[in-house]
Every structure is written in C-alpha cells, then in structure tokens.
Amino acid sequence: MTTDPAQRVEELRAKIAYHNQLYHQQDLPEISDAEYDELVRELKRLELDHPDLVTPDSPSQQVGFTPSDLFTPVEHLTPMMSLDNATSFEELAAWGKRMERYIDSNVEYACELKMDGLALSLVYENGHLARAATRGDGRVGEDITLNVMQIQAVPHQLKTQEKLVEARGEIYMPVSSFKALNDEQLKQGERIFANPRNAAAGSLRQKDPQITASRNLSFFCYQLAAGPSDFTRHEQTLEYLREQGLPVNPTSKVLKSLEEVYEFCQFWQTNRHSNDYEIDGVVVKVNDLAQRMELGFTSKAPRWAVAFKFPPEERNTLLKDIMVSIGRSGKATPFAVLEPVFVGGSTVKLATLHNQDQVALKDVRPGDTVIVRKAGDVIPEVVGPVLSRRPEGLPAWEFPKVCPECGADLARSEGESDTYCTSAECPKQLEQRIVHFASRGCMDIENLGERTVQLFLQLELLRDIGGIYTLDYDKVRAIEGFGEISVTNLKTGIEASKQRPLSNLLSGLGIRHLGATGARVLAKGMNHLDNILKASADEIAAVEGIGTVIAHSVHEFFQQEDNRELIERLRQAGVNFEGPKASTLPQNLAGMSIVVTGSLENFSREGAEEAIKERGGKSPGSVSKKTNAVVLGDGPGAAKITKARELKIPILNEAQFQQLLETGQLPGDGESAVVG
Ligand code: IVH
C-alpha cells in the first residue's frame, strides 16, 4: 500500500467506485458493509488532513450510485441524502456538540430503527401512487413504480386527496421470507442470496414485476419528504403517514437526552434479532422541525440526524482449509478452518459447512476469501466466497474418500446428504460416543470432558462406555496433573451419574433418531429399561408420542449383542434403570405453557422445566401466543423477553415462579408480575 496521500486517495476512490457499482447495480457485493465503510472513513480522514485533494467527484461528496439503464431515471423532488455515522457514545456526543454551534435550545431526539434494506421514495398525487423510485445517486433514482405496486405493504391510495405527498422509507425482506427464499433457491439449484438486503435488492430490481410479486417484500416509512406543512415535530409527520395507511415502525421513541438515546441504541444492539427484519443501527433525528431548519445540511447529509451503527455481523476472511470431523455416529462433517476474524461479538476460527452438497453449492475452496457471518447467538456461518479475490486456478475442494481418523472408507448412501465412516472400530467414533454419554443432558459427568476422555483412551484406561464405571483410580492418580482433588471430583461425578433419570441414560446411549424429548417420553411410557429391552418394535411404537422410525431404531439398538453387554455392565455398576415414578404432585399446571429463560438460584434450567412438567404443564423453548408466563432468571435470552413484552405475557421472578408451582395461579392484577 502506498504512503503517498495523493496516490492513496486515488486508490481509495477507484476501490469505492468499483464496490459502489457492484453493490448498487449488480446487487453482488464483494466486501462487507463494514469494510466498505472503512474505505470511506479512510478516504474522509485523508481528505480532512489534505483538503487540497478533495474533488467534487470524490465518492465522499456523493451519495449512493449512478442509476443503471434497466429502469427509467427520475429526478427526486429534493435530494435523498445519506447520513453521517456514529459507532460509540463519544461519536454520538460529538454529533450533539456540533449541533450546539447552530442551536442553543434543548433538543428532543426521535429515535428509529435503521432498517437494513433499500431506500425508496413514494410520490402520491391527489392520493394516488404516481411514482416509486430508488435513491440512485441521491439526485436521480430509478423508476420502479410497477415493481413497487406489487408490494402489499405499499398502499396504492392514501386516505387524503392532498395534491402532493412524498413518503420515504425502506423496502426490506423479512428474515423468515429470506430464509424460505434461499431454501427454495437451493432446491432449484439457483444462486442463494447472501443476506436479506441483497435478496430485497435482487427481488426489486427485476424487469419483470411478477418476480417482485412472488417475493415477500415489505416496507416501513420513516420520512414525510413533501406534503402538508402544518407539523412542528417529526413524530407528528410519522403519525400522519400512519393515518394515511402507510406502515410506520412502531418501535420509534422520542427521548430527551443523548444518554437515553445511547441506552435505546444499546437495547436494540442487544435485541437486534428479536424482530423479523434486519436492522443495522438506530437513526437519531432532531424531533423539532424548526430546529432542523436551523441546523440545515452539509453537502451530503443533514446535520439534524445521525446513524448509530451496530458492529458488523459479516466480515471477510481467508478460508485456510476445509477439514472433516467424525462424529459419534461416524458422520463426516466438513468444516471451515478460518483465519481468525472478530465478527458478531466473538472471534471465529471454525465454522461448520454441514455436508458435501453445501460445500459444492457455496463453492468455497481453501485459499478463497470468504464472507463469514455471526449473528447474535446463531452459530457462525460461511456465507460464500468473494469470487473477485479468488486466486487464479484455485482448485475446487473434494470430499475425502477415506476417514481422516481411521483410514476406513467414507460412504454416502443414495439419496442421503450425509457421508459416514464405514468402520465399526473407528477410534474417533468411540471417543465421541463416550464424550456424548458423559455430557450435559445425558449422564452429566462433571470432570469427564473431551480432553479427559481422549487422554484416558490414549492411556488405555478406558476402552468403552462401560469402562467409565470400572475406572482404575490408582492409575488415574498416577497421571501427571491429576491430583487427589481431581480424582475425588471425577469419582464423585461418576458416582452421581448412576442416579440420573432413565431418560438421560437413554439419551446418552446415542440411539439414532432418539432425541431428548423422545427419551423422556419413552422412559415415562415404559417405566424401566428392562421393559424396553423386552419390548418388540410394535410395543415401543405403542407408547404415545413415539413414532415407528424411533421405535424401530430403539428396538434394533437393544437387539445388538454389544449393546446388550453394555447394558449388563451398567446394571452391574448400579446405574439407574428405573423410569420416573408417576407424579404424586398436584397437576395444577395442566394446560399451561411456561417458558424458562436464564438461570435461577434454586433450579437449574432443566430442573425448572422438569418442575413444570411434573405438575402437568408444558415448558417449550420459545415464547408464543400460547405462552402463559415467562420465568426470568439471570442472563435471559433477549428475544424471549422482547417477545413476551410484545405479547404482554406476564414475566415472573423466581419467588413468583415458586408460588406458581405451589398454587398453579399466576400473580393477579396489582401484584408484582412485570407485564409488557
Ligand atoms: S432517515 C436525510 N431513517 O439509512 C436522511 N434512514 O444512510 C434520511 N435508513 O439509505 C434518512 N432506516 O434508507 C432514515 N429510520 C430511518 C432509516 C433510514 C434506514 C437508511 C436510509 C438511508 C440510510 C442512511
């Protein structure tokens, strides 16, 4: 990279122009928004330090892009400007300070979600939708009226007959529609979209309006750009737009200090995935329209607004390698080895690529620059390659033919998407089966994690699952790093595991198709492991809630000689085989659905859910209209609380939960349950 500012400025301008073209005209960006913003920031910094280098055609002086020739150009009634950004409280405060140069009275801030979509201008003449246009270069946009008319959220007719109304807002694709669209594209073998924003752009900028019609696009309005002028505050203009039948986002708030504004930004940063649309920040606007007039504009953006941008959830990084991991069933899962990258709040080094077809569809190759996405608590994902950065002649990745752990053949059955190691003796499968048996939700053996299992296998202290209960503690004691305390802890953990519920044991055995819920149903329905051992597949299928696929799989598992042997060894060791006793507790939560989020003082999450179920209630993992209450512990899931508030579902603390368990009654009106 050059150190000559003039040369660097030129370089940056060329790069920005190139990426502008890809982003806006081809809807095929090669770099993440964060990287693009960084290029613009660097250019602005240089231009600030070297004002002589500023030219009128610099991208720093322009908004957006030049319209493509796919649609007719239209000149906007007033320019569609962009916004300055802030990414911290300091930058927000600096914006506030700059405003003080122009106004000295108190400011109210109208805060709105920054929709991650495409800016749209809607012009209504005498109440009729006359024209819809993209932002374009801010002065001239593209006429996409016919396409926009296909979007249900955009009214063709307003309530008013007003001569001219211009509403501006954002077109977006709901996240659920984006996922469904990509699933469909995958099925059809068509290109998949990197994110909802690109999908929205790709769906809108179509010559054939029927394609737009077939994609579920939506719209939120955020600005009255022309129309009646008898309003004094921004919030009134939004209310007017709403009254006219235009959709306005309901989360907007007017706040009186930048501290409160920052809190609002932080709240939405934490809860950014709690809505069915993507947001990439908060737009903060001066509420008072007269104050806005005083503040005016710079050449590019209004002084009366700023975009508080959230940290990026997508980043580019190098795909160093694609490797394959072997699971307890022998499943061979390809995963990406990445140059570590900080994205979505954590450093990502590895990401699953799921299966052979996914790698082929995404066409990611070791040596590619790839887009990595980590959104909220969702697992990190490789979105796709940046094709323009692919080194010439980079070979496609091929799925290995043999197991990287044991050298046996890997095989994929006709019609299946997964590939399996064919060896029954594969050491990795054995290791993973033991790790799974000891894991949380199964026998939950503290101090017997993956590392320890690997070590014990290596030292031949452990040969199979049954060996856990005949471990030679003298030999463990002799291992370097295993003090008396760790040996005692391990022993205590193993002893305690003998008392786990039958359902945990069933889960731990790793029977194909039998998940945690199925295991619970089976344990309750059959009452004792010996009953399951004796049962035919049909008898197992007779248990309510157990389907034939699970029943056959369970039956087959217990028919196998080595599995029967394992069960006998577990019996010898004194592992609990008994199912849950019929509950003697009053069924006072029958018909109720109670969601638990976060950890409580006197219950583990599972314990709390169990307590609900023992009293006849249900405890699903997510909040819906059917939820009667949400129990709130420490470190709760943000999405659950937001949803509960939205649906006005009572939120209970631990004491109120205890009371509910005892009485079956929710705290009534006037008591301290937090609602909405
Ligand atoms: S106000 C003159 N409000 O963010 C300023 N913009 O860089 C008009 N955006 O492309 C913009 N949500 O399309 C405003 N609630 C909101 C917004 C919003 C998303 C987009 C807008 C523009 C970009 C600003």
Side-chain angles (χ1 to χ4, degrees), residues 20 23-24 29 33-34 36-37 40-41 44 59-65 67 76-87 91 95 109-122 132-139 141-142 144 148 153 166-173 195-198 200-201 204 217-226 234-235 237-239 241-242 246-255 261 264-265 268-269 272 275 277-287 289 291-293 295-310:
N20 268 344
Y23 186 86
H24 292 294
D33 286 3
Y36 176 83
D37 286 351
V40 175
R41 272 180 187 241
K44 279 189 179 171
S60 67
Q61 307 298 306
Q62 292 167 10
V63 180
F65 67 107
H76 295 300
L77 302 171
T78 52
M80 286 182 84
M81 302 193 110
S82 93
L83 293 172
D84 284 336
N85 293 339
T87 53
E91 288 181 4
W95 168 70
Y109 305 94
C111 302
E112 295 164 8
L113 300 188
K114 186 170 186 306
M115 304 295 301
D116 196 5
L118 294 105
L120 182 73
S121 146
L122 297 173
T134 63
R135 182 167 70 165
D137 64 6
R139 196 181 61 81
E142 296 166 321
I144 53 167
V148 168
E166 184 189 1
R168 291 179 183 173
E170 201 87 348
I171 289 278
Y172 67 93
M173 184 178 282
N195 52 45
R197 196 207 156 276
N198 284 358
L204 197 57
L217 295 175
S218 201
F219 178 68
F220 272 132
C221 217
Y222 53 66
Q223 192 188 4
L224 178 66
H234 176 69
E235 56 182 325
T237 63
L238 291 186
E239 200 39 53
L241 290 167
R242 199 176 275 133
L246 282 153
V248 175
N249 192 305
T251 59
S252 307
K253 252 192 180 155
V254 174
L255 298 169
V261 169
F264 182 89
C265 295
W268 281 109
Q269 188 166 315
R272 64 191 285 183
N275 296 315
Y277 47 78
E278 293 221 317
I279 55 173
D280 58 351
V282 166
V283 181
V284 188
K285 303 170 180 177
V286 170
N287 193 24
L289 301 180
Q291 283 180 336
R292 283 191 185 184
M293 294 282 272
L295 284 159
F297 299 83
T298 66
S299 66
K300 208 185 160 191
R303 285 196 194 86
W304 45 259
V306 71
F308 184 91
K309 294 263 258 188
F310 299 153

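As the structure is a prediction and not an experimental result, all values here were calculated from the model. All ligand and atom numbering here is 1-based and tracks the order in the structure.
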Would you say the side-chain atoms of [X] pair up with the backbone N or O of [Y], donor to acceptor, closer than 3.5 Å?
X      : Y      : result
Asn249 : Glu112 : no
Arg292 : Val286 : yes
Arg303 : Leu295 : yes

| Has ligand 1 got any nitrogen or oxygen that is less than 3.5 angstrom from a nitrogen or oxygen of Met115? |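 There is such a contact, yes.
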| message | Evaluate Leu83 for polar contact with ligand 1, using N/O atom pairs at a separation under 3.5 Å. | response |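 Yes - when backbone and side-chain N and O of Leu83 are compared with those of ligand 1, one distance drops under 3.5 Å.
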| Residue Gln223 vicinity, atoms of ligand 1 by number, heavy atom under 4.0 Å |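 In order of number, 8 (C).
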| task | Give the numbers and elements of all ligand 1 atoms closer than 4.0 Å to a heavy atom of Pro302. | result |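 Numbered from 1, ligand 1 contributes 2 (C).
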In terms of residue, atom name and distance, what is the protein heavy atom nearest to [atom]?
atom                    : result
atom 6 (N) of ligand 1  : Tyr222 CZ, 3.4 Å
atom 10 (O) of ligand 1 : Arg135 NH1, 3.5 Å
atom 9 (N) of ligand 1  : Glu170 OE1, 3.6 Å
atom 15 (N) of ligand 1 : Glu112 OE1, 2.9 Å
atom 23 (C) of ligand 1 : Lys114 NZ, 3.9 Å

| field | Interatomic spacing from CD in Glu142 to CG in Leu204 - rounded to 0.5 Å | value |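 Between atom CD of Glu142 and atom CG of Leu204 there are 9.0 Å.
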| task | On the 0 to 90° scale, with breaks at 30° and 60°, tag the Trp304-Phe297 ring pair as parallel, tilted or perpendicular. | result |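 Trp304 and Phe297: perpendicular rings.
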| Which one of Asp84, Asp116, Asp37 satisfies the salt bridge (charged side-chain N to carboxylate O under 4.0 Å, His left out) criterion with Lys309? |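 Option passing the salt bridge (charged side-chain N to carboxylate O under 4.0 Å, His left out) with Lys309: Asp37.
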| request: Answer yes or no: is there a side-chain heavy-atom contact under 4.5 Å between Leu238 and His234? | output: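 Counting from C-beta outward, Leu238 and His234 do come under 4.5 Å.
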| request: Take every heavy atom of Lys285, measure it against each atom of ligand 1, and state whether any distance is under 4.0 Å. | output: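 Judged by the 4.0 Å heavy-atom criterion, Lys285 does count as contacting ligand 1.
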| Which is it for Leu113 and ligand 1 at heavy atoms under 4.0 Å: side chain, backbone, both or neither? |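 Only the backbone of Leu113 comes within reach of ligand 1.
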| message | Between Glu278 and Arg197, does any NZ, NE, NH1 or NH2 come within less than 4.0 Å of an OD or OE carboxylate oxygen? | response |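 Glu278 and Arg197: not salt-bridged.
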